[in-house]
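All values reported here derive from a predicted model rather than from experimental measurement.
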Amino acid sequence: QVALVESGGGLVQAGGSLRLSCAASGRTFSMSNMGWFRQAPGKEREFVAAITWSGGSLYYVDSVKGRFTISRDNAKNTVYLQMNSLKPEDTAVYYCAADYNDSATVYRRSYYAPTLYDYWGQGTQVTVSS
């Protein structure tokens with residue numbers, strides 16, 4: 001079993017920055033591909049960013065490219081999402097998720113799909129005021 005705990009959310013003005021963290025425990029973190037998703041009220045859960053187990057491949061949804069950066073520290077069992085130039089439309093609950101069961105080939109094709117991930121955190125609220 002894996003536990004994922006997000007932190008770092010909060011209220012920020014448009015143009016500001018936040019750094020989300022997701023601490024993992026329970027299985028070898030360095031073997032997991034990790035993703036960040038978000039869900040705004042009344043909307044479906046949306047892919048935001050993903051990183052492979054080695055950190056060698058990064059993926060982003062177009063709307064956050066150039067503003068958000070995903071990274072990981074395998075020694076600390078933690079994945080991060082640095083969010084800069086925040087916009088009101090970034091307001092959502094942000095979730096981290098872990099994938100342990102898919103090959104690099106499968107992950108490369110499907111990293112954006114919530115169904116690919118095996119474990120989820122409880123979420124952290126990000127609110128961006130205009």
Taken to the nearest 0.5 Å, the spacing of T115 OG1 from Y117 OH works out to 10.0 Å
Check for me, please, whether L58 and V79 land in the same ILVMFWY cluster - side-chain distances under 4.5 Å, paths through other members count.
yes
For G56, does its backbone N or O pair with a side-chain atom of S54 as donor and acceptor, under 3.5 Å?
yes
Q. Do E46 and Y112 have side chains that get closer than 4.5 Å, going by heavy atoms?
A. no
Any chance the rings of F37 and W120 have centres within less than 6.0 Å? yes
| Are the aromatic rings of F47 and Y111 close, with centres under 6.0 Å apart? | yes
Shortest non-hydrogen pair, N74 vs S30, comes out as ND2-CB, 3.6 Å
Checklist entry - Can you check whether E6 reaches Q122 side chain to side chain, under 4.5 Å on heavy atoms? => result yes
Heavy-atom closest pair (L116 atom, S110 atom, distance to 0.1 Å) is CD2-O, 3.4 Å
Closest non-hydrogen contact found for A92 with R38 is CB-CB, 3.8 Å
### Task
For residues M34 and T52, determine if any side-chain heavy atom of one lies less than 4.5 Å from a side-chain heavy atom of the other.
no
For a quick check under 3.5 Å, do E89 and T91 share a side-chain donor-acceptor pair by atom type? no
Contacts satisfying disulfide (SG to SG under 2.5 Å) that involve residues 31-130 (not counting sequence neighbours) are C22-C96
- Does the R72 side chain pair with the main chain of F29, one donor and one acceptor, at a distance under 3.5 Å? yes
| task | Before giving the answer on side chain to side chain contact (heavy atoms under 4.5 Å, CB included), spell out for S57 and R108 the whole-Å C-alpha distance, their side-chain angles and the decisive distance to 0.1 Å. | result | CA-CA 9 Å; S57 295; R108 190 160 51 240; 5.9 Å; no
Residues at least two apart in sequence or cross-chain that pass side-chain contact (heavy atoms from CB on, under 4.5 Å) with R67, listed by chain then number, are V64, S85, K87, D90
**OP:** Flag the pair Y80 / I70 as yes when at least one side-chain heavy-atom distance between them is below 4.5 Å, and no otherwise.
**Re:** no
task = Evaluate the side-chain proximity of Q1 to Y119: yes if any heavy-atom separation is below 4.5 Å, no if none is.
result = yes
Q. Do R27 and S32 touch side chain to side chain, with heavy atoms closer than 4.5 Å?
A. no
Problem - W36 vs Y60 side-chain heavy atoms within contact, under 4.5 Å - result: no
*Going by atom types only, do D118 and N101 share a side-chain donor-acceptor pair under 3.5 Å?*
yes
Close side-chain approach of N84 to L18, heavy-atom, < 4.5 Å: no
Are L86 and L11 linked, directly or through intermediate hydrophobic residues, by side-chain heavy-atom contacts shorter than 4.5 Å (ILVMFWY only)? no
Separation between CD1 (I51) and CG (N33), nearest 0.5 Å, reads 9.5 Å
### Message
If hydrophobic clusters are built by linking Ile, Leu, Val, Met, Phe, Trp and Tyr wherever their side-chain heavy atoms come under 4.5 Å apart, do V106 and Y100 end up in the same one?
### Response
yes
Of all heavy-atom pairs linking M31 and W53, the shortest is C-CB, 3.9 Å
Rounded to the nearest 0.5 angstrom, the CD-OG distance for Q82 and S17 is 6.0 Å
In this structure, OH of Y94 is separated from CG of L20 (nearest 0.5 Å) by 7.5 Å
